[in-house]
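One structure is given below, encoded as structure tokens.
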Amino acid sequence: MRRLFFIAGIALFVLGCTAPDPEQEKAKVETAIQEFYAAAQKFDYEAIPTFCTSDFTAFEDGMFFNNINEFMDVFKSLEGATIDMKLNFVKTEVSGNMATSVVEFDAHFIKDPAKIHFTTYENYVLEKENGKWLLNYFHSSHLPNPEDTDFATVHLLKITEDLSIEKLQENIEKLNAAISSLGYWNCGYTLFNVEKNSNDTYNYFIKGNWNNAESYKIIHDSEAFKSVAGTMPEVVKDYFKDQVYAKVEKMK
């Protein structure tokens with residue numbers, strides 16, 4: 001019996017020695033997130049996936065990423081940019097081989113001529129595989145940007161039946177791709193139908209979102225935007241010949 005108690009005591013001692021320290025595990029979780037973004041800032045596309053599980057997914061600002069490759073495509077559009085990221089860990093919890101972390105995220109991207117600043121509130125889920133903490137999922141909610149004045153452009157259009165709406169949409173998508181290539185993912189044009197019987201003159205509406213007057217000027221003065229706009233077919237002008245156009249901004 002004495003030997004049995006002795007063996008049980010040794011077992012408890014070993015288990016106590018091998019049990020992970022909660023605070024150390026929390027620190028490792030936060031380090032994993034920091035190292036993930038350190039690799040992203042270096043555009044190290046080989047290193048980035050090593051911080052993620054094979055089934056990594058993410059949801060950010062209305063965009064869902066099915067895997068890490070789709071997420072890395074965002075950073076590829078910013079290659080050459082100067083990036084300054086600050087992560088403030090609000091709360092990190094560990095339970096076995098699973099962990100969650102809440103992070104306040106502040107990022108500045110400067111890629112001439114684009115200057116982008118956004119703050120977010122993010123939730124991360126991590127899994128521990130072979131002793132290493134890996135990102136499995138994160139959700140990012142973008143917070144209001146004080147530099148965003150809701151600066152926009154509006155185009156009320158009268159489009160005749162002989163003009164193809166698909167052609168107009170195709171050219172809008174080309175312009176939006178050029179705008180995204182500058183790093184302004186949340187700027188660009190959206191085409192709307194004017195509700196039937198609500199207006200006898202105009203049947204389509206284009207809204208351009210630009211954050212503020214400065215970003216509007218940067219985008220429209222850029223070579224990327226001018227290159228696409230300058231190669232549009234002559235027929236595109238017909239869509240806008242009877243338009244009502246205005247620049248608008250949120251009232252202070």
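Sequential numbering from 1 along the given sequence is applied to the chain's residues.
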Check your understanding: Who are the salt bridge (charged side-chain N to carboxylate O under 4.0 Å, His left out) partners of Glu127, not counting sequence neighbours?
Key -> none

Exercise for review: Using ring-ring contact (aromatic ring centres under 6.0 Å, His included) as the criterion, list what pairs up with Trp133, not counting sequence neighbours.
Suggested key: none

Review point. Counting only N and O atoms by type, is there a donor-acceptor contact under 3.5 Å from the side chain of Thr231 to the main-chain atoms of Ser227?
Key: yes

Exercise for review: Measure the shortest side-chain to side-chain distance between His139 and Glu122 over non-hydrogen atoms and say whether it is less than 4.5 angstrom.
Suggested key: no

Check your understanding: With a 4.5 Å limit on heavy-atom distance, are the side chains of Val194 and Leu157 in contact?
Key -> no

Review point. Using 30° and 60° as the class limits, which term best fits the ring planes of Trp210 and His220: parallel, tilted or perpendicular?
Key: perpendicular

Study note, to complete from the structure: The complete set of side chain to side chain donor-acceptor pair (under 3.5 Å) pairs with one or both residues in residues 48-60, sequence neighbours excluded, reads Thr53-Asp55, Thr53-Asn136, Asp55-Asn136, Glu60-His142

Check your understanding: Mind checking what makes ring-ring contact (aromatic ring centres under 6.0 Å, His included) contact with Tyr137, not counting sequence neighbours?
Key -> none

Exercise for review: Looking only at non-hydrogen atoms, find the nearest pair between Ala32 and Leu126 and report the distance.
Suggested key: CB-CD2, 4.1 Å

Review point. Quick one: do Val90 and Val29 end up in the same hydrophobic cluster if we chain Ile, Leu, Val, Met, Phe, Trp and Tyr together by side-chain heavy atoms under 4.5 Å apart?
Key: no

**Study point:** Non-neighbouring partners of Tyr121 that pass side chain to side chain donor-acceptor pair (under 3.5 Å), sequence neighbours left out
**Key:** none

Exercise for review: Give every residue pair that meets the salt bridge (Lys or Arg N to Asp or Glu O under 4.0 Å) criterion with at least one member in residues 66-84, sequence neighbours excluded.
Suggested key: Asp73-Lys76, Asp84-Lys86

Check your understanding: Around Lys132, counting heavy atoms of other residues, nucleotides and ligands shown, do more than 12 lie under 6.0 Å from its NZ?
Key -> yes

**Study point:** Interatomic spacing from CZ in Phe151 to SG in Cys187 - rounded to 0.5 Å
**Key:** 11.0 Å

Review point. Just checking, is any N or O donor in the side chain of Tyr37 or Glu35 under 3.5 Å from an acceptor N or O on the other one?
Key: no

Point to revise | Residue pair Leu163 / Val235, side-chain heavy-atom distance below 4.5 Å | key: yes

Practice item. Tell me whether the centres of the aromatic rings in Phe109 and Phe118 are closer together than 6.0 Å. Key: yes

Point to revise | Geometric class of the Phe205/Phe192 ring pair [parallel <30°, tilted 30-60°, perpendicular >60°] | key: tilted

Point to revise | Sub-4.5 Å side-chain heavy-atom contact between Ile172 and Ile206 | key: yes

Check your understanding: Out of curiosity, does Leu134 fall in the hydrophobic cluster containing Val103 (side-chain heavy atoms, cut-off under 4.5 Å, transitive links)?
Key -> no

Practice item. Please go through Ile110's hydrophobic cluster and name the other residues, only I, L, V, M, F, W, Y counting, with side-chain heavy atoms under 4.5 Å joining them. Key: none

**Study point:** Under 3.5 Å: donor-acceptor pair, side chain of Ser164, backbone of Glu166
**Key:** yes

Review point. Does Met232 reach the side chain of Leu175, with side-chain heavy atoms less than 4.5 Å apart?
Key: yes

Check your understanding: Taking the side chain as C-beta and beyond, is there a heavy-atom pair between Thr119 and Phe105 under 4.5 Å?
Key -> no

Check your understanding: Mind checking what makes ring-ring contact (aromatic ring centres under 6.0 Å, His included) contact with Tyr202, not counting sequence neighbours?
Key -> none

**Study point:** Salt bridge flag under 4.0 Å for residues Asp242 and Lys158
**Key:** no

Study note, to complete from the structure: All heavy atoms of Leu182 vs all of Ser222, minimum pair found to be CD1-OG, 3.4 Å

Review point. Got a second to check how far Asn97's CG is from Asn130's CG, nearest 0.5 Å?
Key: 10.0 Å

Check your understanding: Quick one: salt bridge (charged side-chain N to carboxylate O under 4.0 Å, His left out) partners of Asp238, sequence neighbours excluded?
Key -> none

Point to revise | Spatial distance of atom NZ (Lys28) from atom CD1 (Ile33) [nearest 0.5 Å] | key: 15.0 Å

Review point. Can you list the steps and then say if Leu143 with Thr120 is a side-chain contact (heavy atoms from CB on, under 4.5 Å)?
Key: CA-CA 5 Å; Leu143 302 177; Thr120 64; 5.6 Å; no

**Study point:** ILVMFWY network linking Phe240 to Tyr245, side-chain heavy atoms under 4.5 angstrom
**Key:** yes

**Study point:** Parallel, tilted or perpendicular: rings of Phe36 and Phe56 (30°, 60°)
**Key:** tilted

**Study point:** salt bridge (Lys or Arg N to Asp or Glu O under 4.0 Å): pairs with one or both residues in residues 191-220, sequence neighbours excluded
**Key:** Lys217-Asp221

Practice item. Using ring-ring contact (aromatic ring centres under 6.0 Å, His included) as the criterion, list what pairs up with Phe51, not counting sequence neighbours. Key: none

Check your understanding: Does the side chain of Phe89 reach to within under 4.5 Å of the side chain of Gln34, using non-hydrogen atoms?
Key -> yes

Point to revise | Tyr124 with Met85, same ILVMFWY side-chain cluster at under 4.5 Å | key: yes

**Study point:** Asn209 (side chain) donor-acceptor with Gly188 (main chain) under 3.5 angstrom
**Key:** no

**Study point:** Phe138 side, atom CZ; Ser101 side, atom OG - distance, nearest 0.5 Å
**Key:** 12.5 Å

**Study point:** salt bridge (Lys or Arg N to Asp or Glu O under 4.0 Å) evaluation trace for Lys237 with Glu234
**Key:** CA-CA 6 Å; Lys237 293 180 181 179; Glu234 190 69 20; 3.1 Å; yes

Revision key, fill the gap. Between the CG atom in Asn123 and the OG1 atom in Thr100, the distance rounded to the nearest 0.5 Å is 8.0 Å

Check your understanding: Do Val102 and Val125 sit in the same hydrophobic cluster, where Ile, Leu, Val, Met, Phe, Trp and Tyr count as joined when their side-chain heavy atoms come under 4.5 Å apart?
Key -> no

Check your understanding: Do Glu93 and Lys26 meet the salt-bridge criterion of a basic N to acidic O distance under 4.0 Å?
Key -> no

Exercise for review: Let me see the working for Asn211 and Tyr216 under side-chain contact (heavy atoms from CB on, under 4.5 Å), right down to the final yes or no.
Suggested key: CA-CA 8 Å; Asn211 295 337; Tyr216 171 87; over 6 Å; no

**Study point:** Phe75 and Gln41: CA distance, side-chain angles, deciding distance, side-chain contact (heavy atoms from CB on, under 4.5 Å) verdict
**Key:** CA-CA 8 Å; Phe75 280 89; Gln41 289 182 76; 5.8 Å; no

Review point. What distance separates Leu156 CG from Asn199 CG, expressed to the nearest 0.5 Å?
Key: 7.0 Å

Exercise for review: Kindly indicate, with the supporting measurements, whether the criterion side-chain contact (heavy atoms from CB on, under 4.5 Å) is fulfilled by Asn203 and Asn193.
Suggested key: CA-CA 6 Å; Asn203 51 4; Asn193 282 311; over 6 Å; no

Practice item. For residues 169-184, pull every pair meeting side chain to side chain donor-acceptor pair (under 3.5 Å), keeping only residues two or more places apart or in separate chains. Key: none

Point to revise | Validation row: Met72, Phe43 side chains within 4.5 angstrom (heavy atoms) | key: no

